[in-house]
Amino acid sequence: MSLQIFNTETGSKEIFKSIDENKVGIYVCGMTVYDFCHIGHARVMVVFDTIVRHLRNLGYEVNYVRNITDIDDRIINRALENKEDIQTLTARFIDAMHEDEKALNVLCPDEEPRATDNIQEIEVMITKLVDKGHAYQADNGDVYFSVKSANEYGRLSGKNVDELDAGARVEINVAKKDPLDFVLWKSAKANEPAWNSAWGNGRPGWHIECSAMATKCLGNHFDIHGGGMDLTFPHHENEIVQSECATGEKFVNTWIHCGFVRIDDEKMSKSLGNFFTIGEVIKKYHPEVIRYFLLASHYRSPVNYSTENLDLAKASISRLYSALELVKPREECIENSIFEKQFIVAMNDDFNTPQALSVLFELAKEVNKTNSKGLATLLKKLANQIGLLEQEATIFFKSQPSNSKFTEHKILSLIAERAEARKNKKFSRSDEIRDELLKNKIELLDSSEGTSWRRT
RNA sequence: GGUGGAAUAGCAAAGUGGCUAUGCAGUGGAUUGCAAAUCCAUCUACCUCGGUUCGACUCCGGGUUCCACCUCCA
């Protein structure tokens, strides 16, 4: 069965066919680097990382481009608040973002273009739009895209231009000829960072940078464009209209949008204070637990962040790792099994990771039952395809975030003492040691080969 | 108001016109000095009202509730 992807533009699953036989170009809207990444950003990172991994597993040569927005009103404001210069601020958050990605086992995009490195490309595109009569410079110096100059607008988000017009927020912006028009180039105010251009000193608007960088890296017409659902309108709609007006070609074949993260069934927002950064969550949950949590729901569904759900994710991934702890995956992998086939079918069905995970659980059960190292190797191999189970099981269990003061050395000495007590049938002492460790969230597992431990 | 999406067992979450999803939790058993892990068995489902059908949780229509976007947002 071939890969099917839900395309936002058509609202249905479509059989995926790349423009070039074995190559896929994919562009994902990345972060605006004025703050730490939160769990919603984590979802975009993990979801598209998983999508790219699967495309590669299918044999495609993928060019994965994810931009960094490093110039924007929020960045300027934040730098002003912090009394630091913009480069220092953005460099700091870009580093933090890369740290987060590494923790979540998100592979680096092939290209990570930054808006400020592509001002020239942006200028060229705006010039084309002005020359073709799709953009104009207003009295305030800003350059706007004229939405009504385009043949069509709204096909991605299903918006109707007339309805939009009627419902447009009343905004006092006399410079725009039409409230729907959006800015391509913002003229600089005093003390704002600016680049010289045909329209005077200024900086790019938000939407145009993605059009310029995407077409630069992937060509005028490419396979997949993605991002969070909230970008569908207006950001991606605007990207389509300005790109197609500038190039005269179709912009993107398949649009992929991932759903939101909610927190305790409330909309995540800073004003409500229910906003968690990746860094914060990693202190409480192993990053692989977070990755599992994000993949345990389909990428288009909303996902609810809560300690209950993170705990569930932890229990689930622990079950998979338990199988690999019991049966070490060090053998030739079993090929062409029903498990592998089902796994691929699930992933080919619009990247159905929950379904794929259920196959892994069935496989884990089989590993536990049969002690087959070949099946354990298969379990690891399939899980690796979605960025899971890459570490040693024992390391996973021992590296759970913990407040416990018990060092490994201390734990091992207690285990030794307990072994001695058990040998002498002093079970009250051995149970005492187990209870003490358990209070510190350390669990002991006895087997014929001795006693192992894990943090819970 | 407009547009789009969703309602599945205690919790989470897939899926299918008739056949156990899956994970966690619960119950009974095996195993264990006791546990844990593991295995076996097992209890809880498909918002509501109609329709189509031999048969619908699955298709169609009406309702109810919820969510997102329409403004910066992943």
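Throughout, protein chains are lettered first and strands after them, A, B, ... in sequence-line order, and every chain is numbered starting at 1. Just so you know, these numbers come straight off a predicted model, no measurement behind them.
- Among the protein residues, A:Arg422 comes within range of the nucleic acid bases, having at least one heavy atom under 4.0 Å from a base atom.
- Within the 4.0 angstrom heavy-atom criterion, base atoms lie near A:Leu444.
- Pair check for B:A35 finds none; no Watson-Crick or G-U wobble contact set falls under 3.5 Å.
- Contact of A:Asp431 with B:G33 (side chain to base): a donor-acceptor pair of N or O atoms is detected under 3.5 Å.
- Residues A:Arg43 and A:His298 come closest through the heavy atom pair NH2-O, 3.0 Å.
- Partner assigned to B:C69 is B:G2, using Watson-Crick or G-U wobble distances below 3.5 angstrom.
- Heavy atoms of A:Asn368 sit under 4.0 angstrom from primed sugar atoms or phosphate atoms, though from no base atom.
- Note: OH (A:Tyr305) to P (B:A13) measures 15 Å, nearest angstrom.
- Across B:C11 and B:G63, the matching C1' atoms stand 28 Å from one another, rounded to whole Å.
- Aromatic ring centroids of A:His236 and A:His207 lie 6.0 Å or more apart.
- Here the separation of B:G51 from B:U44, taken at their C1' atoms, is 30 Å to the nearest Å.
- Using atom P as the reference point in both B:A7 and B:A14, the two lie 9 Å apart (nearest Å).
- A:Phe427 comes within 4.0 angstrom of a base, heavy atoms only.
- Straight-line distance between the P atoms of B:G23 and B:C39: roughly 9 Å, to the nearest whole Å.
- B:C70 atom C1' lies 17 Å from atom NE2 of A:His235, rounded to whole Å.
- Going from the C1' atom of B:G18 to that of B:G29 covers 33 Å, rounded to whole Å.
- Within 6.0 Å of atom CZ in A:Phe6, more than 12 heavy atoms from other residues, nucleotides or ligands are found, so the atom counts as buried in its surroundings.
- Phosphate contact (OP1/OP2 of B:U38, side-chain N/O of A:Arg319, threshold under 4.0 Å): present.
- Toward the 5′ end of RNA chain B lies the nearest nucleotide of A:Arg434, the other residue of the pair A:Arg454 and A:Arg434 mapping further downstream.
- Closest approach to the A:Lys159 side chain among B:A37, B:G23, B:G2 is made by B:G2 (side chain taken as heavy atoms from C-beta onward).
- Between the C1' atoms of B:U71 and B:U8, the separation comes to 35 Å (whole Å).
- Among the protein residues, A:Lys365 comes within range of the sugar-phosphate backbone only, with heavy atoms under 4.0 Å from sugar or phosphate atoms but none that close to a base.
- Using modelled atom types and a 3.5 Å distance limit, the side chains of A:Thr277 and A:Glu280 yield a donor-acceptor pair.
- Residue contacts for A:Ser157: at a heavy-atom cut-off of 4.0 Å it reaches the sugar-phosphate backbone alone, with no base atom in range.
- Going from atom CG of A:Leu438 over to atom C1' of B:A35 covers 9 Å, rounded to whole Å.
- Minimum atom distance to the side chain of A:Arg262 is reached by B:C67, of the listed B:C73, B:U22, B:C67.
- In this structure, A:Leu375 atom CG and B:C39 atom C1' are separated by 16 Å, rounded to whole Å.
- Both A:His298 and A:Asp72 sit near RNA chain B, but only A:His298 has its closest nucleotide nearer the 5' end.
- Between A:Asn371 atom CG and B:U31 atom P the separation is 18 Å, expressed in whole Å.
- A:Arg43 comes within 4.0 angstrom of no nucleic acid atom, judged by non-hydrogen atoms across all strands.
- Note on A:Arg418: a base of the nucleic acid sits closer than 4.0 angstrom, heavy atoms only.
- Rounded to a whole Å, the CD1 atom of A:Ile68 is 13 Å from the P atom of B:A74.
- For A:Arg74, counting side-chain heavy atoms from C-beta on, the closest listed nucleotide (B:A12, B:U22, B:C72) is B:C72.
- A:Asp49 pairs with exactly one of A:Arg291, A:Lys102, A:Arg66 by the salt bridge (Lys or Arg N to Asp or Glu O under 4.0 Å) rule, that one being A:Arg291.
- Across all strands shown, A:Gly11 has no heavy atoms under 4.0 Å from either base or sugar-phosphate atoms.
- Nucleic acid contact for A:Ser316: sugar-phosphate only, since backbone atoms but no base atoms lie under 4.0 Å from a heavy atom of the residue.
- Nucleic acid contact for A:Lys369: sugar-phosphate only, since backbone atoms but no base atoms lie under 4.0 Å from a heavy atom of the residue.
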_I'd like to know whether A:Arg454 forms a side-chain hydrogen bond (donor to acceptor under 3.5 Å, both in side chains) with A:Ser322, so could you lay out the CA-CA distance, the side-chain angles of the two residues, the decisive distance to 0.1 Å, and finally the verdict._
CA-CA 11 Å; A:Arg454 47 168 80 168; A:Ser322 285; 3.1 Å; yes

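- Not less than 6.0 angstrom separates the ring centroid of A:Tyr34 from the ring centroid of A:Phe93.
- With a 3.5 Å ceiling on both atom-pair distances, the Watson-Crick or G-U wobble partner of B:C47 is B:G63.
- Taking atom C1' in both B:U42 and B:U48, the straight-line distance is 31 Å, to the nearest Å.
- Between A:Glu449 atom CD and B:U38 atom P the separation is 16 Å, expressed in whole Å.
- In this structure, of B:A14, B:C11, B:C72, it is B:A14 that holds the atom nearest to the side chain of A:Ser301.
- Residue-level contact check: A:Asp446 touches the bases, meaning some heavy atom is under 4.0 Å from a base atom.
- A:Ser447 comes within 4.0 angstrom of nothing in the nucleic acid, heavy atoms only.
- Partner assigned to B:C54 is B:G18, using Watson-Crick or G-U wobble distances below 3.5 angstrom.
- Aromatic pair A:Tyr305/A:Phe276: centroids less than 6.0 angstrom apart.
- Looking at heavy-atom distances under 4.0 Å, A:Thr232 makes no contact with the nucleic acid at all.
- Judged by Watson-Crick or G-U wobble contacts below 3.5 Å, the nucleotide B:U27 has B:A41 as its partner.
- A straight line from CD of A:Glu420 to P of B:G33 spans 17 Å, rounded to a whole angstrom.
- Separation of the A:Phe251 and A:Phe222 ring centroids falls under the 6.0 Å cut-off.
- Nearest nucleotide to the A:Leu312 side chain, out of B:C34, B:A12, B:A74: B:A12.
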*Assess whether side-chain contact (heavy atoms from CB on, under 4.5 Å) is satisfied between A:Gln385 and A:Phe343, documenting all intermediate values.*
CA-CA 10 Å; A:Gln385 290 185 5; A:Phe343 184 87; 3.6 Å; yes

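- Going from the P atom of B:G26 to that of B:C19 covers 29 Å, rounded to whole Å.
- Among B:A14, B:C70, B:A37, the nucleotide with an atom closest to any side-chain atom of A:Phe233 is B:C70.
- The side chain of A:Val44 approaches B:A74 more closely than any other nucleotide in the set B:A74, B:A36, B:A14.
- Considering only side-chain N and O atoms, A:Trp206 lies under 4.0 angstrom from the phosphate OP1 or OP2 of B:C73.
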